[in-house]
Amino acid sequence: MMKKREFYVVIERDEDGFYVGEVPQLKACYSQGETIDELMENMKDVITMCLEELEENNNLVSLNEFVGVQKIRV
């Protein structure tokens, strides 16, 4: 069994009112839900799948480091 890890989920709300989450540390790791609770449950599943795929390809050491979110005005 894989050890527990922590990831940041960036959450936005789309034009249809769904919550969309993405894990910047994991390539193509995103999901959606009607509520934040549903989104987070879906994110747990997709994170697990992404980690399993990385583990199968021996790429766990290549995880990006999440630095943060910065607002910018243009």
Please round to the nearest 0.5 Å and tell me the distance separating atom CD1 of Ile47 and atom CD of Glu6.
11.0 Å
Write down the atom of Pro24, the atom of Tyr8, and the distance for their closest heavy-atom approach.
CD-O, 3.6 Å
Backbone N or O of Asp16 within a donor-acceptor pair of the Asp14 side chain at under 3.5 Å?
yes
Which value, rounded to the nearest 0.5 Å, describes the distance between Gln25 atom CD and Cys50 atom SG?
11.5 Å
Is it true that, when you exclude Tyr30 itself, more than 12 heavy atoms of the residues, nucleotides or ligands shown sit nearer than 6.0 Å to its OH?
no
In terms of heavy-atom contacts, Ser31 and Val46 come closest through CB-CG1, 4.3 Å
Between CE on residue Met43 and OG1 on residue Thr48, distance to nearest 0.5 Å:
10.0 Å
Taking salt bridge (Lys or Arg N to Asp or Glu O under 4.0 Å) as the definition, give me every residue that meets it alongside Glu41, ordered by chain and number, with sequence neighbours left out.
Lys44
Side chains of Leu26 and Leu54, heavy atoms from C-beta outward: is any pair under 4.5 Å?
yes
Is the shortest side-chain heavy-atom distance between Phe7 and Leu51 below 4.5 Å?
yes
d(Tyr19 OH, Glu38 CD) to nearest 0.5 Å is 11.5 Å
Check: Glu53 side chain, Met49 main-chain N or O, donor-acceptor pair, under 3.5 Å
no
Checking the side chain of Asn42 only, and the main-chain atoms of Gln32 only, is there a donor and an acceptor separated by less than 3.5 Å?
yes
Student check: side-chain heavy atoms of Arg13 and Phe18 closer than 4.5 Å:
no
How long is the gap from CE on Met40 to CD1 on Ile11, to the nearest 0.5 Å?
5.5 Å
